[in-house]
Amino acid sequence: MKPPRRLLGTLLAAALAAGAALPARGEYADVVLNRRAEKEGVRPVVFPHWFHRIRFRCKVCHQELGFRMRVGTNDFRMADIIDGKFCGACHNNDVAWGPERCDLCHSGKPGLPTGIYGGHETNGPGRW
Amino acid sequence: MKTHAATLAAILLAAAPPALAQAGKDLYAKTCAVCHATGIAGAPKYGSAADWGPRIAAGLPKVYANALKGTAKGMPAKGGNPALPDADVKAAVDYMLAAVKGAGAPAAAAPAKEAPAKEAPAKEAPAKEAGRPPPPKAEAAARPEAGTAAASAPAAPAAPPVQLALAAPAGAEANSFNRLLKPAEKRNPAPADDGIHDPANDGTHALMAPLSAYAGLPRSLAGNRINWVEALGQKKIDPRWDRTDLKAEPVIMDMNVVREVKGSMPDVVYPHKQHTEWLDCSNCHPAIFVPQKGANSISMASILLGEKCGVCHGKVAFPVSECRLCHSKKKEPAAARAQAPAPAAK
């Protein structure tokens, strides 16, 4: 009973992933970071802008912490985060959870390319 | 008809004090939903009759006591916030119960058998199951009308539950062919349902859902559907200006730049004020905009391609669908311009 159902489930999941039936939506301005994650064997990172902008103004990350405002141009590694740079400036078990809580940040669906998500509004001119 | 009467009675009972019901709903969204929306840590899932059935069978007082005092299985007392008034916690419990069964009635009927009996209740249950998920919202919308304007035009009081039960599922599907027009319940999805988080990952279920953070924030019609500038202006949110210094305040520059546009759209007024409340000068100048009048060529095309304003607008700030938020300065009427081109001052 179990294996067929599981097989069916994976088939369905594959169909969904392949087709446009369930487009990757996300909340507006969610960022998927997958420059290295999957090559290193972890899930991609999902960064939710909405959660952070309730707590910090844009300037904190985009000026103090040095995050450039174009997806894919910030080239950093876990080592940098553990050293207290980029995400690690707050994700240090002091302001927010620390880098050992892998699955809270590395929570994206495998296979998602780096980019900004959140529905058609973030998808550029083709979708307008 | 009898089942309809029963449903209506249940609704009336459940929604008797609307203020408390609203408090319960708000509290659910803010606190309870963290676990009960997804059922993490063994929490009975919102809307799942299978999860709630055995608990309801133990009796309402027991369910209240679990919520107020916590359980050994992992429910923290009052959801982990001891400051909450008992009445609010109970209202939140009521709100969750309302989603699974005809509120109070089965609680009395159920104790003997765990699974609801087969004949009459079984017939009643599907009707309620189908009707239940929409009504909490529908009730909230429908009740005040019925309360304030006793006999409002469209519907006799008995009709709404039946119509809603039938219309809601059909209505949700009616426009689904348009992939860009999301029905309300598809907006601001919780991480596990948003299509980019992996539901198989444990951490996903520990993340906050956007809607639980948006309660009480001013709404807008696009993007996150939150008016962030307004939220900041009304002090509904207080994001830090400095990573560590809680007292640091932004240097706000109150200067509007008006850009005349070629087409028939109103001219653009760019306000430095709202931008400097969030951003540092160096975020935009000089890389994106040369800080000099007339030195920047901007077009909607470049914005849509993610240049200029489009670095943020259409990514994280409100998208370009909100034309009039930028194109806000009325031009003089075209007729006046055509008829009297000479008086240039006007």
Side-chain angles (χ1 to χ4, degrees), chain A residues 13 16-17 20 22-32 43-44 46 48-65 68-71 89-90 94-95 97 101-110 112 115-128, chain B residues 179-180 182 186-189 191 193-204 206-210 213-214 217 222-226 228 231-232 237-244 250 276-283 287-288 301 304-306 310-312 314-321:
Chain A
L16 284 175
L22 184 71
R25 298 174 290 143
E27 174 70 1
Y28 185 67
D30 277 356
V31 178
V32 170
R43 291 183 173 88
V46 178
H49 262 110
W50 65 268
F51 182 94
H52 290 82
R53 74 180 297 175
I54 293 175
R55 291 154 179 84
F56 297 94
R57 316 227 185 184
C58 320
K59 172 252 180 190
V60 175
C61 300
H62 289 296
Q63 196 250 327
E64 278 180 60
L65 306 189
R68 303 183 60 188
M69 299 197 292
R70 188 159 312 269
V71 179
C90 295
D94 183 19
V95 180
W97 66 66
R101 307 284 307 274
C102 316
D103 61 347
L104 292 179
C105 300
H106 289 276
S107 60
K109 276 197 176 154
L112 282 183
I116 193 137
Y117 286 75
H120 70 284
E121 287 163 331
T122 60
N123 282 4
R127 297 297 286 273
W128 286 100
Chain B
R179 61 193 176 163
L180 302 188
K182 275 191 254 178
K186 295 257 171 70
R187 296 172 193 148
N188 309 114
D193 312 321
D194 68 1
I196 61 171
H197 284 88
D198 188 353
N201 172 39
D202 290 342
T204 299
L207 297 173
M208 195 178 194
Y214 292 171
L217 298 184
N224 299 112
R225 305 189 80 85
I226 293 295
W228 293 105
L232 187 65
I237 55 173
D238 184 21
R240 290 186 199 175
W241 175 253
D242 189 278
R243 185 175 64 87
T244 48
T276 49
E277 282 170 356
W278 291 95
L279 291 150
D280 188 75
C281 311
S282 65
N283 287 131
I288 303 173
L304 281 164
L305 287 166
V311 170
C312 298
K315 300 276 190 302
V316 58
F318 63 79
V320 297
S321 55

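So that the names make sense, note that chain A is the first sequence line, chain B the second, and so on, each numbered from 1.
- Only the backbone of A:His106 comes within contact range of chain B, with heavy atoms under 4.5 Å apart.
- With rounding to the nearest 0.5 angstrom, the SG atom of A:Cys61 is 10.5 Å from the CG atom of B:Asn283.
- Scanning all heavy atoms of the two residues, the minimum distance from B:Tyr214 to A:Trp50 falls at OH-CB, 3.1 Å.
- In terms of heavy-atom pairs under 4.5 angstrom with chain B, the leader among A:Asp94, A:Val46, A:Val31, A:Val95 is A:Val46.
- Taking each heavy atom of B:Ile196 and A:Tyr117 in turn, the nearest pair found is CG2-CD2, 3.6 Å.
- Among the candidates A:Arg43, A:Arg101, A:Arg68, the residue making the largest number of heavy-atom pairs closer than 4.5 Å to chain B is A:Arg43.
- Proximity of A:Arg57 to B:Pro250: side-chain heavy atoms (C-beta onward) are separated by under 4.5 Å at one or more points.
- For B:Arg243 (side chain) and A:Ala89 (main-chain N/O), a donor-acceptor pair under 3.5 Å exists by modelled atom type.
- Taking every heavy atom of both residues into account, A:Phe56 and B:Trp278 meet most closely at O-CZ3, 4.4 Å.
- When all heavy atoms of A:Asp30 and B:His197 are compared, the closest pair comes out as OD2-CE1, 4.4 Å.
- If you measure heavy-atom distances from B:Leu279 to chain A, the contacts under 4.5 Å come from both the backbone and the side chain.
- Interface remark: A:Arg53 contributes backbone and side-chain atoms alike to the contact with chain B (heavy atom separation under 4.5 Å).
- A distance-only check finds a donor-acceptor pair linking the side chain of B:Asn224 to the backbone of A:Tyr28 [under 3.5 Å].
- One distance of note links OG of A:Ser107 with CG of B:Asp202; it measures 11.5 Å at 0.5 Å rounding.
- The contact between B:Ser282 and chain A is made entirely by side chain atoms (from C-beta outward), counting heavy-atom distances below 4.5 Å.
- Interface remark: of the candidates B:Ala287, B:Pro239, B:Ala301, B:Pro239 forms the most heavy-atom pairs closer than 4.5 Å to chain A.
- Heavy atoms of A:His62 lying under 4.5 Å from chain B belong to its backbone as well as its side chain.
- Under a 3.5 Å cut-off, the side chain of B:Asn201 and the backbone N or O of A:Asp103 do form a donor-acceptor pair.
- With a 4.5 angstrom heavy-atom cutoff, B:Pro191 does not touch chain A via any of its atoms.
- The choice from A:Val71, A:Ile54, A:Leu65 that makes the most heavy-atom pairs within less than 4.5 Å of chain B is A:Ile54.
- For the pair B:Ile288 and A:Met69, the minimum side-chain heavy-atom distance is below 4.5 Å.
- Here the closest non-hydrogen pair linking B:Asn188 and A:Glu27 is ND2-OE2, 2.8 Å.
- Proximity to chain A (any heavy atom under 4.5 Å) is restricted, for B:Leu232, to the side chain, taken from C-beta onward.
- Looking at A:Arg55, both its backbone and its side chain come within 4.5 Å of chain B, counting heavy atoms on both sides.
- Note that NZ of A:Lys109 and CG of B:Asp194 are 8.0 Å apart. Values are rounded to the nearest 0.5 Å.
- Between B:Asp198 and A:Gly108, the closest heavy-atom pair is CB-O, 3.5 Å.
- Taking SG of B:Cys312 as the start and NE2 of A:His49 as the end, the distance is 8.0 Å to the nearest 0.5 Å.
- Of the possible donor and acceptor atoms, one in the side chain of A:Arg25 sits under 3.5 Å from a partner among the backbone N and O of B:Asp193.
- At a 4.5 Å heavy-atom cutoff, the contact between A:Gln63 and chain B is made by backbone and side-chain atoms alike.
- Proximity to chain B (any heavy atom under 4.5 Å) is restricted, for A:Ile116, to the side chain, taken from C-beta onward.
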